[in-house]
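Reviewing the structure listed below.
The chain is numbered in sequence order, starting from 1. The structure displayed is predicted, hence computed values, not measured ones. Only heavy atoms go into these numbers, but all of them, side chains included; no hydrogens, no water, no symmetry mates.
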Amino acid sequence: MKLSVSLLAASLATAEAGVWGNLRRRLSFEKVATYSPGSQVTDHCAIDRDQRAIEVELARKTNESWENAQQIYLQGGNSKSYALITLSEPLRSNVAKGTSVTGKNADGNEVAGKMYDTTSSGAVNVKVQYATTDVQDSYVQCQVGALVGEDINMSGCFADGENTINIGGEVYTYTYTAATENKNGRTIAGFSTQLEDKLKNGPGAPYADFEYFRKYYGTSDYADQWVNAAFEGGRTSFTNGNADFSQYGLEGREQIIKKGTAYMNVWMYTIREFEDALDDCKRGCINCNDDPVHAWDEGVCFYTGSLEGQDGAPSGYLLHQLADKRSLNFKTGGPDGTDVDGQSKLNYDLMDEFALGNYQLQSGNCPSARKTKERIAQLMYIPMIQGSLRYAYKVDKLQGGEKEKAEGAAFAAAVLPRVHAANSDAAAKIYNNLRVGASSTNHQEVKAAFESVYPQFGLTCADIGGLWNEATNSYYPGMGPCTDASTTKVVTETNSTLAIALGTTFGVLFALALIAVLYMRSREKQGAPVFKAGELEFKTEGGEEEADFN
């Protein structure tokens, strides 16, 4: 039975309660797809609700709905909600970020919040971030931003019009419009546009995975440029991997956008949070790593989202759900990675790695936490490879149209920079076969190109699996799992060594036998055979002969 790292961590913590008793980690937070966070991250997990809202609007395929989708992408609606209010008089003193703020909603019930950022005395425009709870289903009750229709929730927003608010014990009169001045400080667009400051110029720079993408595309906000170009039906202007989305209609561009937001914007920002945790980790300190644990928890939230639930079973919209979907296509489900249903082996493995990293950060084991992060990054490329392979085959052999071509282009864009860093020729082959507007697609060429770089990715053929045909209960022709070159080499070398050893042994034994036969024949010719018929001699310990058995 597979022992999860989360169970191991819990056991170690219990066994060493005296040592770890000072760890300031609450154990009462709701799980995130089986992961136990050490901090409140319900508001962070809710970013997947923006992704869902974007996909709903895209699917309607009207000019209005696409404008709605783009505004949700840019402005958000579900994460880090705040009110932008105008005070009737200037602030009487400087107010620090996080200072308590209270007011009333439209029904007269109290609404709690805190100052969004430090604000100087004399300011009249103030940002107040709404308080969030530990319960995911009711984490915040003011969700507006750029949301539309039933997604808008103003039950917990500050009351409209002119009202009073308490800022750090000081009462002020304010005015604002709830429908237009409730905004969001965390957006999927921001996950890309903030990378310049957070990763390119971050304290631990250079960050390997980010550098693969920045160098390949030639810009830090590559994901944002990709998504916005698709919204506008325009072209990208990257160093490598360009796309002209004017060649697609709404069907193709829908796939480019919704996969780009989740698998490019969110993917890299997930890695960013893990890197942030490591940057803040204090080695050997068990009382001072709360902030790194919180950053690590945020990374897990961005990977899973809120809609996966506590057990990871419900359908979501981010990377956790993608891993489960692709595992069904590649027969890599279940703890052993051999099933065609249930949770993916990838998610089993990643949840173990997430729990291990959490524990390492809590205990101040920063070097080991960094190794864990590196393994997480390796594993997170798996669905991008699987998606690229799947749609290469669909386009090449199953008459895939614009939708399938766009999906292949989107998955390839999410992994090409890593391939390029390993082998630029392999990346060029994949790009030429899957790029927007490719004249043809050869799925075998794509497959061979990916397989050539698995060792550099730290992945195996079993990690990827093969494209499974559920109807025939077999792999699609030519799309079965590959065989790792290193394994083949080891087996070949082992067999060769064994053959040489056996050959040498039998050769020596044959030579000895031949010598013995020739010697005996020589003695017989001399009249002194080695063995005499009917006679067998034995010696006693004292040297006397004993009688034979005849």
Side-chain angles (χ1 to χ4, degrees), residues 42-44 46-47 49-54 56-57 64-133 138-191 193-194 224:
T42 50
D43 193 50
H44 303 79
I47 196 68
R49 300 177 188 220
D50 282 0
Q51 177 70 22
R52 177 178 63 182
I54 291 169
V56 168
E57 292 302 307
E64 181 183 1
S65 70
W66 273 52
E67 175 62 23
N68 291 338
Q70 187 169 21
Q71 291 309 309
I72 296 168
Y73 167 70
L74 295 171
Q75 300 180 43
N78 289 286
S79 193
K80 206 171 184 178
S81 298
Y82 69 88
L84 179 59
I85 64 176
T86 301
L87 303 179
S88 59
E89 63 173 295
L91 280 177
R92 298 166 197 140
S93 60
N94 296 336
V95 183
K97 176 181 178 180
T99 297
S100 176
V101 179
T102 58
K104 303 284 187 180
N105 67 3
D107 295 328
N109 298 317
E110 183 173 291
V111 174
K114 62 183 180 180
M115 291 296 287
Y116 188 92
D117 47 26
T118 297
T119 309
S120 301
S121 171
V124 293
N125 294 318
V126 174
K127 292 181 180 180
V128 180
Q129 183 178 347
Y130 291 99
T132 54
T133 74
S138 58
Y139 71 102
V140 73
Q141 294 302 308
C142 187
Q143 296 147 302
V144 185
L147 299 176
V148 296
E150 295 180 355
D151 286 340
I152 296 175
N153 173 20
M154 293 195 290
S155 63
C157 300
F158 291 120
D160 232 350
E162 184 174 331
N163 292 281
T164 60
I165 196 165
N166 187 309
I167 302 176
E170 297 282 343
V171 178
Y172 295 87
T173 300
Y174 74 90
T175 59
Y176 96 127
T177 304
T180 59
E181 294 181 293
N182 279 303
K183 302 180 181 296
N184 295 85
R186 185 177 297 113
T187 68
I188 294 178
F191 280 3
T193 58
Q194 294 177 18
D224 183 61

More than 12 heavy atoms of other groups within 6.0 Å of Glu89 CD: yes
Between Asn184 and Gln75, a side-chain donor and acceptor under 3.5 Å: no
Greater than 12 external heavy atoms within 6.0 Å of Glu170's CD: yes
Heavy-atom closest contact (Asn78 atom, Leu147 atom, distance): ND2-CD2, 3.7 Å
Polar side chain donor-acceptor pair, Tyr176 to Asn182, under 3.5 angstrom: yes
Test item: side-chain donor near acceptor, Asp43 and Tyr130, under 3.5 Å: no
Test item: Ser138 side-chain N/O and Thr133 main-chain N/O as donor-acceptor pair under 3.5 Å: no
Ser65 side chain to Glu57 backbone, donor-acceptor under 3.5 Å: yes
Where Met115 and Thr119 come nearest, the two heavy atoms and their spacing: CE-OG1, 3.3 Å
Gly77 to Asp50 - nearest heavy-atom pair and separation: N-OD1, 3.4 Å
Worked check of side chain to side chain contact (heavy atoms under 4.5 Å, CB included) between Ile85 and Glu181: CA-CA 7 Å; Ile85 64 176; Glu181 294 181 293; over 6 Å; no
Exercise: identify the closest heavy-atom pair between Leu87 and Ala123: CD1-O, 4.1 Å
